[in-house]
Amino acid sequence: MTPTLETTLTHAERLLPEFQAAVEGASFLRRGVHVSEVFFIRVAVGDHQPRQILESGRALGQSTWLLAKSFPHTPILSVELHPEHADADAALERLRPLANVACLFGDSRILLPAMALPGDVIVIDGPKEIRALKLAYRLLREKKPAMVFIHDCTPGTAIRAHLEKHCPFAFYSDHPDFIARYNHLDTYLDAQERRLWSDPATFPKNRAYGGTFACLPLTEGFPTVLDQVRLITARTFYNLKRSLRRRLERETDHEHE
């Protein structure tokens, strides 16, 4: 069954006790994903049994640890770009006790297409923005994973705008129904903060809850050639805006010297 927000919410209550028991004792890392965001992945996957879960972008290993605990019988292949990054050794140490985790280093844009199998689950938390979507499109087109999750798809980002316009089948971990019901999983947050997110009427208007995962399920005929062209166009405009922003920042810095 193709996952949707409705099936995800249906799975959630049934799988909640199992998930809570599995991730008990999860430590909070300020640069890691929320526990509730990985619960979103778990319940979107539902009863599907992937042969493996491929993760792109490990950082300190928060999402890797939570995925390994949530899917204890599934190999988690986690790819990080730079072995010399300051987070690398800390992540390896934290994840070493987990028998179902393999930590790899390299360019996920090369490694993931080589490793992916039909029916896999893919979690992308680097590269970011339109480059993440480019990788997702390639995997969905060539390798046919059951679903791809992309992090940092908060409202206002270029990737979120593109998904909402061109991928109506995508759904998100920041849906009010999901946040209101399951923000209690993020026990490390202040109680008052969690109360704000427990009723959509009181949600803060000027910020997002967490980094937000988008779920792109495998969809017949997607991506088309037109989807590829749209993505190329979006990436061109994204790179142009980024270049202009950097130029303005440099000019501002020169004015203040």
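Listed for the Asp186 side chain is no donor-acceptor partner under 3.5 Å among the backbone atoms of His34. A side-chain donor-acceptor contact under 3.5 Å links Ser198 to the backbone of Arg194. A donor-acceptor pair is defined here as one N or O able to donate and one able to accept, closer than 3.5 Å; no such pair exists between the side chain of Ser78 and the backbone of Cys103. For the pair Glu80 (side chain) and Phe105 (backbone), a donor-acceptor distance under 3.5 Å is absent. In this structure, Arg138 contributes its side chain and Arg109 its backbone to a donor-acceptor pair below 3.5 Å. Between the side chain of Ser56 and the backbone N or O of Gly126, at least one donor-acceptor pair lies under 3.5 Å.
Results of the side chain to side chain donor-acceptor pair (under 3.5 Å) test with Arg160 over Asp152, Thr212, Asp174 single out Asp174 as the only residue that passes.
Remark: the Glu37 side chain and the Tyr182 side chain contain no N/O donor-acceptor pair separated by less than 3.5 Å. Arg42 and Ser70 form no side-chain donor-acceptor contact under 3.5 Å, judged by distance and modelled atom types alone. Using modelled atom types, one finds no donor on one side chain facing an acceptor on the other under 3.5 Å when comparing Asn100 with Thr74.
Looking only at side-chain heavy atoms (C-beta outward), Asp89 and Glu93 stay at 4.5 Å or farther from each other. Within the 4.5 Å cutoff, the side chain of His175 has no heavy atoms near those of the Thr8 side chain. Between Val38 and Val123, every side-chain heavy-atom pair lies at or beyond the 4.5 Å cut-off. Looking at heavy atoms from C-beta onward, Ile124 lies in side-chain contact with Leu135 at the 4.5 angstrom threshold. Taking the side chain as every heavy atom from C-beta outward, Leu16 and Leu185 approach each other to under 4.5 Å. Proximity of Asp227 to Arg230: side-chain heavy atoms (C-beta onward) are separated by under 4.5 Å at one or more points. Glu55 is not listed as a side-chain neighbour of Asp125, based on a closest heavy-atom distance of 4.5 Å or more.
Both Tyr172 and Phe169 are part of a single hydrophobic cluster, where members link through side-chain heavy atoms under 4.5 Å apart. Both Tyr209 and Tyr188 belong to a common hydrophobic cluster when Ile, Leu, Val, Met, Phe, Trp and Tyr are linked at side-chain heavy-atom distances under 4.5 angstrom.
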Can I get a per-line list of side-chain donor-acceptor pairs under 3.5 Å for residues 110-120, giving both atom names and the distance, sequence neighbours left out?
residue : atom : partner : partner atom : Å
Asp120  : OD2  : Gln52   : NE2          : 2.8
Asp120  : OD2  : Leu117  : N            : 2.8

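Distance check, rounded to the nearest 0.5 Å: CG of Leu54 to CG of Leu139 gives 8.0 Å. Rounded to the nearest 0.5 angstrom, Leu77 CG and Ser108 OG are separated by 13.0 Å.
When all heavy atoms are compared, the tightest approach of Leu81 to Pro83 is O-CD, 3.5 Å. Taking every heavy atom of both residues into account, His11 and Gly46 meet most closely at CD2-CA, 3.7 Å. Minimum heavy-atom separation, Thr2 to Leu218: CG2-O, 4.2 Å. For Ala214 against Cys153, the heavy-atom pair with the smallest separation is CB-SG, 3.8 Å. Residues Ile150 and Ala136 approach most closely at CD1-CB, 3.8 Å, considering heavy atoms.
For Gln192, the CD atom is loosely surrounded, since the number of other residues' heavy atoms within 6.0 Å does not exceed 12. Counting non-hydrogen atoms of neighbouring residues, nucleotides and ligands closer than 6.0 angstrom, the CZ atom of Phe237 reaches no more than 12 such neighbours. Within a 6.0 Å sphere centred on CD of Glu24, heavy atoms belonging to other residues, nucleotides or ligands number 12 at most. Counting heavy atoms of neighbouring residues, nucleotides and ligands inside a 6.0 Å radius, atom CD of Gln20 exceeds 12 of them.
Applying the ring-ring contact (aromatic ring centres under 6.0 Å, His included) test to every pair with at least one member in residues 40-77, sequence neighbours left out, gives these pairs: Phe40-Phe171, Phe40-Phe178. Within the structure, ring-ring contact (aromatic ring centres under 6.0 Å, His included) pairs that include any residue of residues 129-160 comprise Tyr137-Phe222, His151-Phe213 (at least two apart or interchain).
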Going through the distances and angles, do Asp47 and Arg14 end up as a salt bridge (Lys or Arg N to Asp or Glu O under 4.0 Å)?
CA-CA 11 Å; Asp47 296 323; Arg14 174 172 59 86; 3.2 Å; yes

